[in-house]
Amino acid sequence: MTTGIHHVTAITRNVQKNVDFYAGFLGLKLVKQTGGYEDAEQLHLFYGDALGSPGSIITFLVWQDGAPGRVGLGALSEVAFTVPKNSLGDWLTRAMTAGIQVSGPTRELGETVLRLRDPDGIVVKLVGGDAPATAPLADPVAPTRIHGVTLLSEDARATADFLVRFGYSEALRDGPFIRLRSDQDVVDVRASAGFVPALPGTGMFDHVAFRARDVDALRQMRLDLRTQDGVTNVHDRKYFLSLYVREPMGTLVEYATDAPGFTADEDAAHLGETLMIPATDAVRAADLRVTLPQFARPGEERRPMRDLPFVHRFHTPDTPDGSTIVLLHGTGGNEADLMPLAARLNPRATLLGVRGRATEEGITRWFRRFDAVTYDQDDIRAEARAFVAFVEGATRSYGLDPKTTTFLGYSNGANLLGAILRLHPGVVQRAILLRGIEALEDAPTADLTDSDVLLLTGAQDPFGRMVPQLEASLTSGGATLNAQIIDAGHDLSPEDVRIAAKWLAKIPQGEPR
């Protein structure tokens, strides 16, 4: 009977640090990168042995710069990997040399354990043992497979009884722990009554998946669980079929087939090299390849990211032309929202998406407002100063050339750019304002003779009545303004792309006017 853990899935807030830890420090193989099958705008990374064999896999959903979660009841708290029995000393030295938070070795449940924390704070235990890898990695002391996981439960007995159906049986009890064992690994259920419940977010485990022998076993499990709250239908994840269910105390559990595996769309020698997009999202594959966060593998050249006043992200095309488009999203957006649009304007431009810092009932904005058309003037000026500091820092840190940099803002982002043009003339020399309006109540007179601005307004945009003030202010300052009204509302349209691409292509790159 096939038993044991198929994979464990967690959530990371920094894709590069995650790759550096799991593929770099731990030495696991990145066997697959794909847009998520539940949400293709969410990057999903899979690490494991040389073939990504079931039982060796840890996966991460990437919530880039997302909010942290909280470890607690109804979730996993730790994952453990088996490493060669006599290698813990080597791993301790590696961790200290690499600056990885480490404690131990200690004895836990009769085993010698080294406890690490990954960049998100997730506990990763290394357990010395004799469990050969199905597809060994090149490093002789690399993890061979998942040794086990720990679950925090309000009712440990109820959780343990539920997990028995996945091929586990009770092996021992030690204080608050009930240890369950399959023929491959262990699940430790920790009685934690009275502890706080888990909250989803980065630095948290999402679920643990157990192995199903085949599709028939999966279907039978679906029938067996038909009265269980939260059980799902069978999903096709391309690399396996699976279903989800929550055990009685809330931990999310998946049941997944071994086949067809990660060689379904890449040969063994090139696993994980190509970003895969689910077939259900093939129509927007090009947009997703721009939106999903990029990373460098260990040893590859990478762009060091700096600690600047705003959360930001780069997308670097395969053949960059030296130009940069800085993107300021609309209300409720994020740093990646405008990347597909910008890539249509110039597929060879490097894109720098920036996230606003203001929030309104949890919705991201660039500055606070009192109502739909009344804005906090002090906050506009404060965020404008902060954004100027960001631009100055990005210019120094990333080598941006102001002469080949275009700023593109939509709605609330365009409003901030319009304010910056007058409050800090010269910082933004080239701007595309999509649905921008006048946000300043007392706009200062500014010398804008070195500024080129494209302003596109929707004929049916309910905020369009506030555009003439912005046009007049930009024109009086001497900006070269191309203002057009198009057949659209406040939402963006293909006409925006057509006009903006044509305008951008005509603006001299690197030549002062």
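What's counted below: heavy atoms across the whole structure, side chains too, no hydrogens, waters or symmetry copies. Each residue takes its place number in the sequence, starting with 1.
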Asks: Decide yes or no on salt bridge (charged side-chain N to carboxylate O under 4.0 Å, His left out) for Asp287 and Arg344, but give the supporting numbers first.
Replies: CA-CA 9 Å; Asp287 287 354; Arg344 292 189 185 95; 2.6 Å; yes
Asks: What I want to find out is whether Arg237 reaches Glu38 closely enough, with some N-O distance under 4.0 Å, to be called a salt bridge.
Replies: yes
Asks: Please confirm whether Trp91 and Phe81 have ring centers closer than 6.0 angstrom.
Replies: no
Asks: Does the side chain of Tyr37 pick up a donor-acceptor pair with the side chain of Asp236 at under 3.5 Å?
Replies: no
Asks: For atom NZ of Lys238, is the number of surrounding heavy atoms from other residues, nucleotides or ligands below 6.0 Å larger than 12?
Replies: yes
Asks: Walk me through whether Glu273 and Lys32 qualify under salt bridge (charged side-chain N to carboxylate O under 4.0 Å, His left out).
Replies: CA-CA 7 Å; Glu273 293 182 4; Lys32 193 65 59 180; over 6 Å; no
Asks: Run the ring-centre check on His424 versus Phe387 and record whether the distance is less than 6.0 Å.
Replies: no
Asks: Run the ring-centre check on His312 versus Tyr398 and record whether the distance is less than 6.0 Å.
Replies: yes
Asks: Is Glu78 paired with Arg117 through a side-chain N to carboxylate O contact shorter than 4.0 Å?
Replies: no
Asks: Would the Tyr375 and Phe370 ring centres measure less than 6.0 Å apart?
Replies: no
Asks: Applying salt bridge (charged side-chain N to carboxylate O under 4.0 Å, His left out) to Arg357 and Glu383, what does each step give before you reach the verdict?
Replies: CA-CA 8 Å; Arg357 305 190 303 181; Glu383 291 306 295; 3.0 Å; yes
Asks: Could you tell me whether Arg369 and Glu360 have a side-chain N and a carboxylate O separated by less than 4.0 Å?
Replies: yes
Asks: Restricting to salt bridge (charged side-chain N to carboxylate O under 4.0 Å, His left out), what partner residues turn up for Glu392, sequence neighbours left out?
Replies: none
Asks: How are the rings of Phe240 and His6 set relative to one another: parallel (under 30°), tilted (30 to 60°) or perpendicular (over 60°)?
Replies: perpendicular
Asks: Without hydrogens or angle criteria, can the side chains of His44 and Thr59 be said to hold a donor-acceptor pair below 3.5 Å?
Replies: yes
Asks: What's the separation between atom OG1 in Thr316 and atom CZ in Arg302, rounded to the nearest 0.5 Å?
Replies: 13.0 Å
Asks: Rounded to the nearest 0.5 Å, how far apart are CG of Asp376 and CZ of Arg381?
Replies: 10.5 Å
Asks: Under 6.0 Å between ring centres: does that hold for Tyr410 and His490?
Replies: yes
Asks: Indicate, with yes or no, if the rings of Phe60 and Phe46 have centres closer together than 6.0 Å.
Replies: no
Asks: Is the distance between the ring centroids of Tyr244 and His207 under 6.0 Å?
Replies: yes
Asks: Kindly indicate, with the supporting measurements, whether the criterion salt bridge (charged side-chain N to carboxylate O under 4.0 Å, His left out) is fulfilled by Arg348 and Asp321.
Replies: CA-CA 5 Å; Arg348 297 185 61 197; Asp321 63 7; 5.1 Å; no
Asks: Using only atom types and a distance under 3.5 Å, with no angle test, would you say the side chain of Arg306 pairs donor to acceptor with the backbone of Leu308?
Replies: no
Asks: Just by modelled atom types, is the Asp65 backbone N or O under 3.5 Å from a matching donor or acceptor in the Arg355 side chain?
Replies: yes
Asks: Answer yes when Asp496 and Arg435 have at least one side-chain N-carboxylate O distance shorter than 4.0 Å, and no when they do not.
Replies: yes
